[in-house]
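Everything numeric in this text was worked out from a predicted model, so none of it was measured.
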Amino acid sequence: MSNTVNIIVAGLGGQGVLKASDIVAEAVFSAGFDVKKSEVHGMSQRGGSVSSEVRFGDDVASPMIPAGESDFLLVLEDTQIDVNKPKLKTGGTLITLADVDADKLENPKTVNIAMLGVLSASLPQVPEECWIEALKKFLPEKHHAVNLTAFALGRNK
């Protein structure tokens, strides 16, 4: 299963961690990959830690990422970096708030979508159209324009 790509999205409850991982899973699925997803809610209702794991490839047997084997770690809250960094494999990619110019976002609530744009640029095997379709599927139509702008900002950083 060396072709399996492992992604962890982490943050705090209410930041859109689960929505972001749903979008990732849908984008890679629509690109034709086998995908598995799992989530840990913790105390998410109270702003506690939340993480979600997405694995994709030709044939993925388990939704759980082995310890220290995440290819990508996308962290929506800086306090969660040290908590989750041991899950990232050596040479893996850490995506944090510092990777997005929040001052250029029309709405600060779209930072998770901008960070997905950053992630998408590192996954050339998933066409941009798949990401856009997934964004439109999981986000309300009235917010498509602002979210697509945020996604493009992250993707083109």
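In this structure, CD in E69 is found 14.0 Å from NZ in K87, a value given to the nearest 0.5 Å. Considering CG of D34 and CG of D58, their distance stands at 8.5 Å, rounded to 0.5 Å. Distance CG/N112 to OG/S21: 10.5 Å, rounded to 0.5 Å. Note: L135 CG to H144 NE2 = 8.0 Å, rounded to the nearest 0.5 Å. Within the model, atoms CG of L88 and CG of N6 stand 10.5 Å from one another, a figure rounded to the nearest 0.5 Å. The structure places CG of L97 at 7.0 Å from CD1 of I81, a figure rounded to the nearest 0.5 Å.
Considering every non-hydrogen atom in both Q15 and L76, the closest pair reads NE2-O, 3.1 Å. Scanning all heavy atoms of the two residues, the minimum distance from H143 to N147 falls at O-ND2, 2.9 Å. Of all non-hydrogen atoms in S52 and L18, the two that sit nearest each other are CB-CD2, 4.1 Å. The heavy-atom pair separating I8 from S51 by the smallest distance is CG2-CB, 4.5 Å. Listed here is the closest heavy atom pair of A27 and V126: O-CG1, 3.7 Å. Of all heavy-atom pairs spanning A114 and V100, the tightest one is CB-CG1, 3.7 Å.
Linking Ile, Leu, Val, Met, Phe, Trp and Tyr whenever their side-chain heavy atoms come within less than 4.5 Å leaves V75 and V54 in two separate clusters. Cluster annotation: L94 is not connected to L123 through the hydrophobic network of ILVMFWY side chains, with a link wherever side-chain heavy atoms come within less than 4.5 Å. The cluster map of Ile, Leu, Val, Met, Phe, Trp and Tyr, joined by side-chain heavy atoms under 4.5 Å apart, puts L119 and L73 in different clusters. M115 is connected to L105 through a chain of hydrophobic side-chain contacts under 4.5 Å among Ile, Leu, Val, Met, Phe, Trp and Tyr, so both are in one cluster. Each of V50 and I65 belongs to its own hydrophobic cluster when Ile, Leu, Val, Met, Phe, Trp and Tyr are linked at side-chain heavy-atom distances under 4.5 angstrom.
Counting heavy atoms from C-beta outward, R155 and L116 have side chains that stay 4.5 Å or more apart. Residues V24 and W131 are in side-chain contact: their nearest non-hydrogen atoms beyond the backbone lie under 4.5 Å apart. Between F33 and V60 there is no side-chain heavy-atom pair separated by less than 4.5 Å. Taking 4.5 Å as the limit, some side-chain heavy atom of D22 sits within range of a side-chain heavy atom of K37. With contacts defined as side-chain heavy-atom distances shorter than 4.5 Å, the pair K157/D101 does not qualify.
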In sequence, state the C-alpha distance, the side-chain angles, and the governing distance for I23 and I113, and then conclude on side-chain contact (heavy atoms from CB on, under 4.5 Å).
CA-CA 9 Å; I23 292 167; I113 304 303; 3.9 Å; yes
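The backbone N or O of F138 lies less than 3.5 Å from a partner atom in the side chain of K19, making a donor-acceptor pair.
No more than 12 heavy atoms of other residues, nucleotides or ligands shown are found within 6.0 angstrom of CG on D82.
Under 3.5 Å, the side chains of R55 and T4 contain no donor-acceptor pair of N or O atoms.
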